[in-house]
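Chain letters run A, B, ... following the sequence lines, proteins first, then strands; residues in each count from 1.
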Amino acid sequence: MKLITCGLPYANGKAHIGHLRTYVPADVYVRYLRLFGEDAIFVCGSDCHGTPIVVNAEKEGLKPKELVDIYHEHFQRVFSEIDIEFDYFGRTDAEYHHERTQDIVKKLLENGYIYPKEIELAYCPSCERFLPDRYVEGVCPYCSAIARGDECDQGCGRHLEPGEILDPRCKICGAKAVYKKQKHYFFRLTEFRDFLLEYLDNLKGTENALNYARQWVSKELKDWCITRNLEWGVRFPGEDLVVYVWVDAPIGYISFTERACEKRGLDWERIWRAEKKESEIVHFIGLDIVYHHCIFWPAMLKGSNYSLPDGVVASGMVKVEGKTFSKTRGYVVWLEDDYLASGLNTDFLRYYLVNYTSHQKDLNFSWEVFGEKVNNELIANLGNFLYRVTYFAWKNFKDGGEAKIRANIDEDALRVIEETVKKIRDAIENWEFKIASDAFMELSSFGNNYFQSHKPWELIKSDIEAAIQVVSTCLHIAKALVILSFPVLPKTMRRFSRIFGFEIENSKVEDVLSINDFVIKKPEIPFQKIEEEKIAELEEMMLERIRRASKMEEGILNEGEEDIKTGDKMSEKEDLISFEEFKRFDLRIGKVLRAEKIEKSKKLMRLEIDIGDEVRQVVAGIAEDYTPEDVVGRLLPVLVNMKPAKLMGVESKGMILAADVGGKPVLLSPDRDVEPGSKIR
RNA sequence: GCCGAGGUAGCCUAGCUGGUUGGGGCGCCUGACUCAUAAUCAGGAGGUCGGGGGUUCGAAUCCCCCCCUCGGCACCA
């Protein structure tokens, strides 16, 4: 028995191609396992908790549950449309999930892996509540960018622990937050270091995930704050706190397994109880959540006597039209609004996602390539073979509505089919879905070749016995193709298998090789070709979205206008400051006297700047774009009363100002020579 | 800068415990065929195997240096 899970989709946004990159291969994997006779359970569900959902719900004037309902229903619907079939698709706000989570938290408490600690937290006096995570907006203590409470999303990208953020403000009412002491609970992640090192050595999965995780563990682990001040979430036992969303989300794998097992009359404990474990657990995830699955999660399981995952399979990132996937920039393909709305066969997209490149590598989605792959590979090779063979058989041997053909199969062809099965089996074992799908495409190619070179359309007139052998051999190949490609192309092959008169859902590899006489019903074309105009249309739609997005970024569109398709509103209100506030900035023109690149650093340059009454040492992140020679002698605007900081061990007192052009600094200069120290206002 | 993964024809890739002329798929060109969704089949063009050194009788494959891409860490006060 094998349990397969997929990373839970977060229930505050719609499904897009980035999601599919892990869900489709996982579904393909499960279907192949079943084809090979393995008993597999496949679970997933909506991740319903966490601050973003609360914040977004509030913004939309909804209760968190109402928001979650919308997206939970959405995911369920679109997954089923693209034939991603879970045994159970649950939700983490369900009663049973809360119970399981609390059970695990209690076990961790009993086992001494959770301890309380007083920390200072942002508190909004006007809302009268503590401000967790994204309820807080403030200044990143590391890079001083505007940041969210849990992550410096605009700046350095660092994860921020509760209490770290500077100058916190309430995101709801905008009031200045104060720090208040409060008791929170921490998970002793640090105690699991040795365990994790060993565990990761034996963990199976894709290299991209394992290497990444090992890198983290070999560095420093920190204990992990696992409680939040929220109403929405799983209650932490005995406290007016909720468990951090990343604690309860993976527990969904367990609680959903319980439900799935209940449905099928199985004992979930044989999967998840350490002492009873007898089946394998494999997680399919995106590369971005390796940390949670290879570090937090096994430590939690270990600490509460649950069984440990055996494999973590991480899919590479998705690019769209050659650019980094980005919802806000428009480089995204939405499953419902783009793909399903286009009316194209969902199997096309499944094939593309599985066959474009290796599971671990970055996948580029381009409508043009999509059209080519579908028309020239899937349809021209596989679709055409299936149709030409079955149609030929039906047309020439039909007797009434059906054609009966005696099986007389070429041994060589059987051997090729056997090899194909072996290739697929090996590939699936190694999570190489491209290789598996290439294998059945090769078989199809062999079939076309066989049919072509044996010319049954001539034999049928001269040597009927020989014709029967060729036709039945090709029919046999076709049947094998239907079964072997079903995991990737379930919709099409389910339909097409009917002309052979068998139930594809229950087919096993053995059926691929077992020889039976054929009864063929009148076939229909398995795939409808994609018109070039359709591709052009879809491409145009995407370009339009990208254009719109870039205009949005430049602020040309009116405030509040919806970002097309993403549903995200431009909610950043203008931040106005008073003249009083502005006066707090001591801005002056400084003259660079000396400059040198800081060793061991990529971006940092140490500058000595004359600011009139003194010479300041300032560290600036410009070394990637400027050499010391470029800047020595230059006049630059300097924020003089910047809080001093140390960077790479070098003290910096002040900050030079530069234009930000696509993340690159561009230095600014006064219109003509001015004295160092001149005030800027 | 450190760590990981990569860099093979326009695109996706196999080969990487060194050994006959670096395979395959898509695209491109030519021909054949007509059962088939202008599908198929045969043939062809196209590669300094990121660059430079070295080891060897012989390297895409081993060693050294460098460059580039992606991701992580450190770092843009």
Side-chain angles (χ1 to χ4, degrees), chain A residues 139-145 155-158 166 206-208 210-216 218-220 287-288 290-291 316-317 319 322 324 355-358 360-364 366 368-369 372-373 375-377 379-381 383-396 434-435 438 441-442 445 447-460 467 470-471 474 523-530 597-605 618-625 639 641-658 660 663-665:
Chain A
V139 175
C140 173
Y142 299 100
C143 74
S144 71
C156 63
R158 208 184 302 237
L166 306 173
T206 48
E207 287 300 314
N208 55 353
L210 304 180
N211 287 335
Y212 187 12
R214 288 179 189 130
Q215 210 174 311
W216 277 95
S218 62
K219 290 190 178 160
E220 194 194 5
L287 211 45
D288 51 334
V290 167
Y291 193 95
M317 293 303 180
K319 291 185 163 204
T324 305
N355 189 265
Y356 181 81
T357 189
S358 148
Q360 295 192 50
K361 295 197 178 175
D362 288 355
L363 175 144
N364 182 32
S366 132
E368 195 190 333
V369 178
E372 283 178 2
K373 280 185 82 72
N375 284 343
N376 302 335
E377 297 175 23
I379 296 179
N381 179 0
N384 186 242
F385 176 70
L386 292 178
Y387 186 66
R388 78 193 290 204
V389 167
T390 49
Y391 186 74
F392 185 89
W394 181 78
K395 199 176 72 179
N396 291 291
K434 175 173 173 56
I435 294 176
D438 278 345
M441 292 302 284
E442 280 164 32
S445 228
N448 269 319
N449 210 310
Y450 193 94
F451 195 87
Q452 182 90 2
S453 58
H454 287 81
K455 300 187 167 82
W457 58 92
E458 285 178 9
L459 291 175
I460 198 110
V470 172
V471 171
C474 287
E524 275 167 28
I525 289 172
F527 304 103
Q528 211 61 50
K529 233 178 150 167
I530 308 178
K597 195 168 180 301
I598 293 177
E599 273 196 49
K600 302 240 174 193
S601 142
K602 195 154 100 186
K603 300 182 175 177
L604 298 183
M605 194 181 288
V618 171
V619 176
I622 58 172
E624 275 188 313
D625 304 274
L639 178 59
N641 58 344
M642 186 77 200
K643 191 173 150 195
K646 261 196 180 178
L647 296 168
M648 298 290 287
V650 182
E651 172 140 77
S652 180
K653 295 170 77 176
M655 170 175 166
I656 65 166
L657 305 182
D660 181 334
K664 297 274 185 197

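Among the heavy atoms of the strands, none lies under 4.0 Å from A:V389. Using a 4.0 Å heavy-atom cutoff across all strands shown, A:F527 reaches at least one base atom of the nucleic acid. Using a 4.0 Å heavy-atom cutoff across all strands shown, A:K653 reaches no nucleic acid atom at all. Residue A:E377 is classed as a sugar-phosphate contact, given heavy-atom separations below 4.0 Å to backbone atoms only. Within 4.0 Å (heavy atoms only), A:S453 reaches no atom of the nucleic acid at all. Across all strands, A:I379 comes closer than 4.0 Å to base atoms (heavy-atom distances). Within 4.0 Å (heavy atoms only), A:K455 reaches no atom of the nucleic acid at all.
The residue among A:V369 and A:G383 whose nearest nucleotide of RNA chain B is located toward the 5' end is A:V369. In this structure, A:P456 and A:N208 both approach RNA chain B, and ranking their closest nucleotides by distance from the 5' end singles out A:N208.
Nucleotide B:C3 holds its C1' atom 12 Å from the CH2 atom of A:W216, rounded to whole Å. Taking atom NZ of residue A:K529 and atom P of nucleotide B:U37, one finds them 11 Å apart after rounding to whole Å. Atom OH of A:Y291 and atom C1' of B:C73 are 12 Å apart (whole Å). One can place CD1 of A:I435 at 7 Å from P of B:A14, the figure rounded to the nearest angstrom. As rounded to whole Å, 9 Å separates atom P of B:C73 from atom CD of A:Q215. The OH atom of A:Y387 sits 11 Å away from the P atom of B:A38 (whole-angstrom rounding).
One P atom belongs to B:U21, the other to B:C67, and the distance between them is 34 Å to the nearest Å. Only the P atoms considered, B:C73 is 28 Å distant from B:C64, to the nearest whole Å. Rounded to whole Å, the separation between the P atoms of B:A38 and B:C49 comes to 41 Å. B:A42 sits 27 Å from B:U8 when the C1' atoms are compared, rounded to a whole Å. To the nearest whole angstrom, the two C1' atoms, one in B:G4 and one in B:G25, are 30 Å apart. B:G27 and B:C12 are spaced 11 Å apart, taking the C1' atom of each and rounding to whole Å. Atom C1' of B:U17 sits at a distance of 31 Å from the matching atom of B:C11, rounded to the whole Å. Nucleotides B:G43 and B:C65 are separated by 46 Å at their P atoms, to the nearest Å.
B:U34 is unpaired under the criterion used here, namely a Watson-Crick or G-U wobble arrangement in which both key atom distances are under 3.5 Å. The pairing partner recorded for B:G1 is B:C73, the criterion being a Watson-Crick or G-U wobble arrangement whose two distances lie under 3.5 angstrom. Across all strands shown, the partner of B:G6 is B:C68, judged by Watson-Crick or G-U wobble contacts whose two distances both fall under 3.5 Å.
A:E651 and A:V619 get closest at one heavy-atom pair: O-CG2, 3.9 Å. Shortest non-hydrogen contact noted between A:D362 and A:K319 is OD2-CE, 4.4 Å. Between A:P526 and A:G383, the shortest heavy-atom contact is CG-O, 3.6 Å.
Set against B:A5, B:G72, B:A39, the side chain of A:N211 has B:A5 as its closest nucleotide. Between B:C41, B:U37, B:C35, one nucleotide has an atom nearer to the side chain of A:S445 than all others, and that is B:C41.
Taking only side-chain nitrogens and oxygens, A:K434 never comes nearer than 4.0 Å to OP1 or OP2 of B:C12. Contact annotation: A:N376 side-chain N/O to B:G27 OP1/OP2 distance is under 4.0 Å.
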